[in-house]
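The structure presented is a predicted model; accordingly, all values stated were derived computationally and were not measured. Below, read A as the first sequence line, B as the second, and so on, with proteins coming before strands; counting in each chain starts at 1.
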Amino acid sequence: MITTQATHAEPAAGQARPTIVVIDASAASISLYERSVKSLGVALAVFESSQTSLAYLKHNPADLIFLELMVPGQDGLSLLRELRAGDHHARTPVIVVTSKDYLQDRNQAQALGVKDFLAKPLRSQEIRNLIERHVQGASGASGDGPHAKA
Amino acid sequence: MSERHLRFWGVRGSYPAPYASHMKVGGNTPCVELRLGDQVIALDAGTGIIALGQALARQQRIRELTIILTHYHWDHISGLPFFEPAFLPGWRIRVLGPAGSADELEHLISRQMQAPYFPVETETWLANIEYEPLDKRPVVLNGTRISHFNAHHPGPTYGYRIEAGGKTLVYAPDNELAFINQFIDTRMEEFDADEQRLLDEMKEEQRWQRISFMENVDLLVHDAQYSVAAYEKKRGWGHSCYVDTVNAALDASVKDLRLFSHDPANDDDALAIIERHAMGLVRERRSNMACQLAREGETVSLDD
């Protein structure tokens with residue numbers, strides 16, 4: 001299933017909004033991502049299985065990918081390996097946000113060039129900080145500072 | 001012996017335990033044979049597959065089998081270099097496991113036999129070996145549907161749900177059931193009220209994910225490696241405490257649970273204590289779920 005959500009913030013005239021891809025089957029996690037990007041000028045594309053995400057990413061660019069390793073259909077590291085071997089996403093920034101946190105997975109993810117490997121859960125502000133750090137043109141009045149508690 | 005059965009050829013996790021004190025339960029690492037008439041499926045290829053290979057090489061009727069691997073840690077593949085049918089012409093062996101391509105799967109298998117780790121390489125295998133990556137969709141082998149799910153274990157690791165002849169089995173030898181919620185609990189106070197509501201939903205989702213793959217299955221063969229005391233020291237190592245396994249199986253209305261991947265540190269006496277306690281947990285929940293240790297050499301009929 002694919003759900004693509006346009007966010008509230010509008011890009012400058014003539015400027016395409018950066019696309020953030022989320023590959024995660026958790027409805028609660030998806031809600032956290034949606035909540036996080038509301039104040040940012042980005043589009044969010046959410047995929048709940050490896051097949052649907054790969055079908056999309058085979059033909060579309062992404063400015064940042066959030067990847068859950070426990071995605072239905074395929075191990076997340078295998079999915080990432082497939083993305084890296086393809087034409088479009090050899091260098092796309094990828095952040096693993098997962099409920100599966102073992103050192104061996106961290107090492108393999110690092111070898112596949114992920115920007116960060118984070119154990120769930122993340123706060124909305126942490127997700128916003130990651131997007132602003134890794135995506136050019138993603139900014140907004142995102143509220144509290146990088147380490148502030150809500 | 002039933003024509004449709006499961007047989008345990010190896011039940012020990014991590015490394016072989018060939019000690020007299022362990023022989024009632026068994027010392028070989030994971031291999032479970034699923035026999036459906038003349039169809040033979042070996043789940044994992046730990047040292048248990050060596051004796052299975054010897055048994056197959058002695059008979060004449062069957063010349064084909066499928067080996068399905070959960071992952072490539074040694075205890076799950078170290079029997080393959082000694083698997084007799086692989087060295088015999090006329091055999092057809094399909095090897096399935098998590099991988100992105102057939103080449104990658106072959107590489108993952110053959111690497112353990114390369115010099116200097118082993119005296120002969122897979123070039124000496126005279127059987128027709130076919131490598132088939134399990135990457136996205138379920139496979140169907142002669143009417144047996146096999147679907148995979150991600151397990152909580154270091155590195156890419158699958159568990160399998162198998163539907164054959166009206167029975168449903170799940171094989172998950174390495175899967176840490178209690179790992180998933182600890183970060184949510186430890187960080188809960190950092191989150192605002194709306195986020196905390198989502199975290200409660202996330203916990204509920206994960207509670208469901210923990211048992212969804214085993215819901216209502218006829219037979220569950222699942223990781224139960226650690227005692228309570230051992231798990232206190234080894235949380236995050238990728239294996240389950242048997243108490244979590246029993247409770248998850250009860251939550252999922254499993255009919256028959258076989259505790260699997262026994263800790264090599266546990267001898268027969270220690271495992272007998274675990275089994276008695278596990279059966280007590282089932283009685284406490286007033287369930288009629290069958291629950292016992294998987295024992296090497298034991299056969300479970302799949303006939304009605």
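- Below 4.5 Å, heavy atoms of chain A meet no heavy atom from residues 211-227 of chain B.
- A distance of 13.0 Å separates OG of A:Ser99 from CZ of B:Arg210, quoted to the nearest 0.5 Å.
- What you find for A:Pro121 and B:Met202 is that their closest heavy atoms are CB-SD, 4.3 Å.
- More than 12 non-hydrogen atoms from other residues, nucleotides or ligands lie less than 6.0 angstrom from NZ of B:Lys167.
- For A:Ser50, the part sitting under 4.5 Å from any heavy atom of chain B is the side chain, from C-beta outward, and nothing else.
- When all heavy atoms of A:Ala27 and B:Glu205 are compared, the closest pair comes out as N-OE2, 2.8 Å.
- Between A:Arg35 and B:Asp194, the closest side-chain pair of non-hydrogen atoms falls below 4.5 Å.
- Using a 4.5 Å heavy-atom cutoff, the side chains of B:Arg187 and A:Leu122 are in contact.
- If you measure heavy-atom distances from A:Asn107 to chain B, you find no contacts under 4.5 Å at all.
- Interface remark: B:Leu198 contributes backbone and side-chain atoms alike to the contact with chain A (heavy atom separation under 4.5 Å).
- Residue contact with chain A, scored on non-hydrogen atoms closer than 4.5 Å, involves the backbone of B:Ala151 exclusively.
- For residues 66-83 of chain A, the interface with chain B (any heavy-atom pair closer than 4.5 Å) comprises A:Leu69, A:Met70, A:Val71, A:Gly73, A:Gln74, A:Asp75, A:Leu77, A:Arg81, A:Glu82, sorted by residue number.
- Looking at heavy atoms from C-beta onward, A:Gln108 lies in side-chain contact with B:Pro156 at the 4.5 angstrom threshold.
- Taking 4.5 Å as the limit, some side-chain heavy atom of B:Glu195 sits within range of a side-chain heavy atom of A:Leu32.
- Contact count against chain A (heavy-atom pairs under 4.5 Å) is highest for B:His153 among B:Glu104, B:Arg137, B:His153, B:Met188.
- B:Gln114 CD: more than 12 foreign heavy atoms inside a 6.0 Å radius.
- A pairwise comparison of heavy atoms in B:Glu176 and A:Tyr102 identifies OE1-OH, 2.7 Å as the closest pair.
- Of the possible polar contacts, one joining the A:Asp105 side chain to the B:Gly155 backbone as a donor-acceptor pair under 3.5 Å is found.
- Once rounded to the nearest 0.5 Å, the distance linking CD of B:Glu201 with OG of A:Ser26 reads 8.5 Å.
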